[in-house]
There are 2 protein chains.
Amino acid sequence: MFSKACEYGIRASIFIAEQSLLDRKVSLKDVAEAIDSPAAYTSKILQKLSRNNIINSDKGPTGGFSMGKKELEKVKLSSIVFAIDGESIYNGCGLGLKKCNEKMPCPVHNQFKMIRDELKKMLETTTVLSLAVDYEKGFSFLKR
Amino acid sequence: MFSKACEYGIRASIFIAEQSLLDRKVSLKDVAEAIDSPAAYTSKILQKLSRNNIINSDKGPTGGFSMGKKELEKVKLSSIVFAIDGESIYNGCGLGLKKCNEKMPCPVHNQFKMIRDELKKMLETTTVLSLAVDYEKGFSFLKR
DNA sequence: TAAATAGTGGACAATTTTATCCAATATAAA
DNA sequence: TTTATATTGGATAAAATTGTCCACTATTTA
């Protein structure tokens, strides 16, 4: 469904969000351990999220990654997916045709449209904050 | 959503099905041209479909690929996806966790389950035959 | 101002996926 | 039985994705 990079990105964001709720900045190492991902690769992904204003990053001692109140309130899963995987999830044809629309649809255009629209709605309405709160309560897990 | 191989596989199956409705066998070249895919790569995919009894393949002159009446009636998209991409679409965790279930869910487990179940239902109820019939009527396209 | 810390950026490596090439096999028709 | 045709299987190659390494920059604290 998503690229590995995107999966790491979502998991990392949830962890950073949760720690930010507790007023804690986290280091790259913290993140990689919390979500069980390769640190250096995760670093690249966090850079992307940072450039897209989804998370903050601060250098130097006492530095690390965090999310501000504003970000916590407004960041949806869709922002993360878009920042990392682009809009192919929404636009791309299910059968890989370059052009595929109502006028000239691939054979499964309508069937896929249904699913895709559901997915889109889900991503656009699910906040990282809500996922972080559940995670904080121990209702969900970021590794294993 | 699916691998490129799987996209080619679905498109190829629809084309072969449609031609079989007209009692025509098609060659690898025919398929590759009809769905605009690399021939040699498509060959590997057709082999996989053939071994999974989704299509027939006959060697020699007058050989080619085809689908029998039985196959035409029973082959669903799910069979093709399973033959090529395996069951990761159904089982795999949306966030890439090795273990993810009701007891120990990833943060988006339930949200993804909804979408995935819809997708599964769609794949399991959509026959290649129905897609081939639409394609035959000019309602849908396999390239561009 | 020096030292220690933490993210950044760029080059590089491994793996997986996608794609190509060609000799071998099977088969139909002449 | 020879020839032509079409798929098969194996080896390779190219491209994309995933993952690693290391020197550099920024920043805090002593």
Side-chain angles (χ1 to χ4, degrees), chain A residues 1-13 15-16 19 24-67 81 83-86 88-89 92 95-96 98, chain B residues 1-12 16 19 24-67 81 83-86 88-89 92 95-96 98:
Chain A
M1 186 98 71
F2 301 131
S3 68
K4 216 123 192 50
C6 192
E7 293 174 354
Y8 291 148
I10 294 174
R11 280 152 64 192
S13 298
F15 176 67
I16 294 168
Q19 292 292 297
R24 293 184 199 144
K25 275 185 190 171
V26 292
S27 71
L28 172 60
K29 189 156 163 281
D30 293 335
V31 174
E33 277 168 8
I35 73 174
D36 188 28
S37 67
Y41 190 52
T42 304
S43 162
K44 305 298 182 190
I45 297 162
L46 295 183
Q47 280 177 41
K48 215 172 239 180
L49 294 178
S50 169
R51 284 194 213 100
N52 279 270
N53 302 309
I54 289 169
I55 61 176
N56 308 115
S57 79
D58 300 295
K59 285 185 172 181
T62 78
F65 300 93
S66 61
M67 288 180 77
V81 173
I84 300 176
D85 280 352
S88 65
I89 287 239
L95 296 188
K98 289 172 213 94
Chain B
M1 184 98 73
F2 302 131
S3 69
K4 216 123 191 49
C6 192
E7 292 174 355
Y8 291 148
I10 293 173
R11 280 152 63 192
I16 293 168
Q19 291 292 297
R24 292 183 200 145
K25 276 184 190 172
V26 292
S27 71
L28 173 60
K29 187 155 164 281
D30 293 335
V31 175
E33 276 168 9
I35 72 173
D36 188 29
S37 65
Y41 190 53
T42 305
S43 162
K44 305 299 182 189
I45 296 162
L46 295 183
Q47 281 177 43
K48 215 172 239 181
L49 294 177
S50 170
R51 286 195 211 99
N52 279 269
N53 303 309
I54 289 168
I55 62 176
N56 308 114
S57 80
D58 300 294
K59 285 185 173 182
T62 78
F65 300 94
S66 61
M67 287 179 77
V81 173
I84 299 176
D85 280 352
S88 65
I89 288 237
L95 295 188
K98 289 172 213 94

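Chain naming here is simple, since letters A, B, ... match the order of the sequence lines and numbering starts at 1 in each.
For the pair A:Ile84 and A:Leu49, the minimum side-chain heavy-atom distance is below 4.5 Å. At a threshold of 4.5 Å between non-hydrogen side-chain atoms, the residues A:Ser43 and A:Gln47 count as touching. Counting only heavy atoms from C-beta outward, the side chains of A:Cys6 and A:Ile10 approach each other to under 4.5 Å.
Within the 3.5 Å criterion, the main-chain N or O of A:Phe2 finds no donor-acceptor partner in the side chain of A:Asp85. Judged by distance alone, the side chain of A:Ser13 and the main-chain N or O of A:Gly9 form a donor-acceptor pair under 3.5 Å. The main-chain N or O of B:Ile35 is found under 3.5 Å from a side-chain atom of B:Arg11 such that the two form a donor-acceptor pair. Counting only distance, with no hydrogens or angles, the side chain of A:Ser50 and the backbone of A:Leu46 share no donor-acceptor pair below 3.5 Å.
Atom CZ in B:Arg51 sits roughly 8 Å away from atom P in D:dT8 (whole-Å rounding). We find that NZ of B:Lys48 is positioned 14 Å from P of D:dT8, with the value rounded to whole Å. Rounded to whole Å, the distance from CD1 on A:Ile84 to P on D:dT17 is 13 Å. Here the C1' atom of nucleotide D:dT5 and the NZ atom of B:Lys29 are 13 Å apart, to the nearest Å. Rounded to an integer number of Å, the gap from CG of A:Asp85 to P of D:dA16 is 16 Å. Going from atom CG of B:Asp30 over to atom C1' of D:dT7 covers 13 Å, rounded to whole Å.
Once rounded to the nearest 0.5 Å, the distance linking CD of B:Gln19 with CZ of B:Phe65 reads 14.0 Å. The line from OG of A:Ser37 to CD of A:Glu7 is 11.5 Å long, rounded to the nearest 0.5 Å. Distance NZ/B:Lys44 to OH/B:Tyr8: 15.0 Å, rounded to 0.5 Å.
Distance from the side chain of B:Leu28 is smallest for D:dT7 among the nucleotides D:dG9, D:dT7, D:dT18.
Of the charged side-chain nitrogens involved, at least one lies within less than 4.0 Å of a carboxylate oxygen, so that B:Lys98 and A:Asp36 count as a salt-bridged pair.
In terms of phosphate contacts, B:Gln47 brings a side-chain nitrogen or oxygen within less than 4.0 Å of OP1 or OP2 of D:dG9.
Nucleotides of DNA chain C that come within less than 4.0 Å of any heavy atom of chain B span, from the 5' end to the 3' end, C:dT18 to C:dA29.
Here the closest heavy-atom approach between residue A:Ala39 and residue A:Leu28 is recorded as O-CD1, 3.5 Å.
Within the nucleic acid shown, B:Lys44 comes within 4.0 Å of at least one base atom, counting heavy atoms only. B:Ser3 comes within 4.0 angstrom of the backbone, heavy atoms only, and of no base. Residue-level contact check: A:Val31 touches neither bases nor backbone, having no heavy atom under 4.0 Å from any strand.
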Return the polar atom pairs (N/O with N/O) between nucleotides 25-30 of chain D and the protein under 3.5 Å, or none.
| unit_1 | atom_1 | unit_2 | atom_2 | d |
| --- | --- | --- | --- | --- |
| D:dA26 | O4' | A:Lys59 | NZ | 3.4 |

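In the region residues 33-42 of chain A, proximity to DNA chain D at under 4.0 angstrom, judged on heavy atoms, holds for A:Pro38, A:Ala40, A:Tyr41.
Each end of the helix from C:dT1-D:dA30 to C:dA30-D:dT1 gets its own rotation axis from five pairs of C1' atoms, and the angle between them is 0° to the nearest 10 degrees.
Partners of B:Ser27 under the side chain to side chain donor-acceptor pair (under 3.5 Å) rule, at least two apart in sequence or in another chain, are B:Asp30. For B:Asp58, the side chain to side chain donor-acceptor pair (under 3.5 Å) criterion is met by B:Lys25, not counting sequence neighbours.
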